[in-house]
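As the structure is a prediction and not an experimental result, all values here were calculated from the model.
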Amino acid sequence: MSTIAFIGLGNMGRPMIGYLLKAGHQLNIYARRPEVYQNEAKHLVDAGAIPCASPAEAADGADFIITNVMSTQDVAEVLHAGKNSVIATAKPGAICIDHSTIDPQGTKDIAAIMASKNIAYVDAPVSGGVKAATEGTLVMMLGGADEDVAKVQEIVKSYAKTITHIGAVGHGQVAKLCNQIAQVINIQGVAESMRFAAANGADLQKVFEAISGGMAGSRMLDLMGPKMVHRDFKAGIEARLHAKDFFLVKDAAKTANLDMPALQTVALQLEKLMDAGWGYDDTSSLLKVLEA
């Protein structure tokens, strides 16, 4: 069994830690808010996870360092740029595994800095949300060297159902952003379908049932359609997280001079959603943006 430092004890990270503990690994955990150890993560501490005061303390002696935080800047801060960051204590030969969804170029930059200290790096963003993390059925996209990915797969199989090695460092993030493009544009399509049906006086439930059995059927329609029909905007997937990822793609597309008109349109809708204060609601709230 391995010693693992896990940084980021949010709604996704906590279930992952639980599965790693069940697999028999030693977990050193770090949260920016110390009260987390006595509140949301108390059950993990009770199960044997060791709370740490800094990323450096968590990484000391660890074979793997797993990060699951918010932004490119956050990953850089905990791994190499911040006070008491991982790079100060991580042993040569350790492997960083990043489950965050961040910029592909930023990923390459961080990996190069860690490599200067002989610390390997695998970007491993995930899809499936809190539900899949809780059930241990996450979809994971990996970017990194073959030998590093082989070692990482033995760790992450505890909580991932589908694991695909995409290519070199950064390519896991590329695949995740492709996932977000297809996913959120699909949600916008579902929202526009429901808006069109309502505007024409049709029964939304019956419209949903009809189109879900045809060529328009999709996992996202099955997930978001009922939420829109029943106006259940309680977060399953928080819109702010989709917005964060979508704005990453928008910036990357602009840098690469890519023409992505559907992405640009949906990004504008997400901006309106965020401005309306619905960021912590479900992304199905794109329907409310159309109504507004």
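The residues Lys244 and Glu238 are annotated as not salt-bridged, no charged nitrogen and carboxylate oxygen being separated by less than 4.0 angstrom. Salt-bridge annotation for Glu271 and Lys250: present, with a side-chain N of the basic residue lying under 4.0 Å from a carboxylate O of the acidic one. A salt bridge does not link Lys151 with Glu147: none of the charged nitrogens is closer than 4.0 Å to a carboxylate oxygen. A salt bridge links Asp63 and Lys91; the closest N-O separation between the charged side-chain nitrogens and carboxylate oxygens is under 4.0 Å. With respect to Glu35 and Lys42, no salt bridge is recorded, no charged nitrogen being found less than 4.0 Å from a carboxylate O.
Using a distance-only test at 3.5 Å, with no hydrogens or angles considered, no donor-acceptor pair links the side chain of Ser285 to the main chain of Lys288. Between the His99 side chain and the Ala124 main chain, a donor and an acceptor come within less than 3.5 Å of each other. Using a distance-only test at 3.5 Å, with no hydrogens or angles considered, no donor-acceptor pair links the side chain of Tyr37 to the main chain of Ile50. Using a distance-only test at 3.5 Å, with no hydrogens or angles considered, no donor-acceptor pair links the side chain of Asn179 to the main chain of Ile181. Not one N or O on the side chain of Asp222 forms a donor-acceptor pair closer than 3.5 Å with the backbone of Arg219. Side chain of Asn200 to backbone of Ala202: no donor-acceptor contact under 3.5 angstrom is found. Side-chain atoms of Tyr19 never come within 3.5 Å of backbone atoms of Lys157 as a donor-acceptor pair (strictly under, hydrogens ignored). Proximity of a side-chain donor or acceptor of Glu77 to a complementary backbone N or O of Gln73 within less than 3.5 Å is not detected. The backbone N or O of Gly167 lies less than 3.5 Å from a partner atom in the side chain of His165, making a donor-acceptor pair.
Here Asn68 contributes atom CG and Asp98 contributes atom CG; the two are 7.5 Å apart, rounded to the nearest 0.5 Å.
The side-chain hydrogen bond (donor to acceptor under 3.5 Å, both in side chains) pairs that include a residue from residues 273-282 are Asp282-Ser284, where partners are two or more places apart or lie in different chains.
Put simply, the side chain of Val86 reaches to within 4.5 Å of the side chain of Met114, judged on heavy atoms. With a 4.5 Å cut-off on side-chain heavy atoms, Leu268 and Lys272 count as touching. Looking at heavy atoms from C-beta onward, Ile119 lies out of side-chain contact with Ile95 at the 4.5 angstrom threshold. Between Pro226 and Asp232 the shortest side-chain heavy-atom distance does not fall below 4.5 Å. At a threshold of 4.5 Å between non-hydrogen side-chain atoms, the residues Val184 and Met220 do not count as touching. Looking at Ile7 and Ile65, their side chains come closer than 4.5 Å, going by heavy atoms from C-beta outward. Residues Leu79 and Cys96 form a side-chain contact, since some pair of their non-hydrogen atoms from C-beta on lies under 4.5 Å apart. Two residues are said to be in side-chain contact when any heavy atoms from C-beta on lie closer than 4.5 Å; Ile163 and Val156 meet this criterion.
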Next item on the list: Report the C-alpha distance between Gln183 and Gln180 in whole Å, list the side-chain angles of each, state the deciding distance to 0.1 Å, and finish with yes or no for side-chain hydrogen bond (donor to acceptor under 3.5 Å, both in side chains).
Entry: CA-CA 5 Å; Gln183 182 181 160; Gln180 303 303 75; 3.1 Å; yes
Item checked: His80/Ser85 under side-chain hydrogen bond (donor to acceptor under 3.5 Å, both in side chains): CA gap, chis, key distance, verdict -> CA-CA 5 Å; His80 69 81; Ser85 59; over 6 Å; no
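With sequence neighbours left out, Tyr30 forms a side-chain hydrogen bond (donor to acceptor under 3.5 Å, both in side chains) with no residue at all.
Under the 6.0 Å cut-off for aromatic ring centres, Phe6 and His25 do not qualify, their centroids lying 6.0 Å or more apart.
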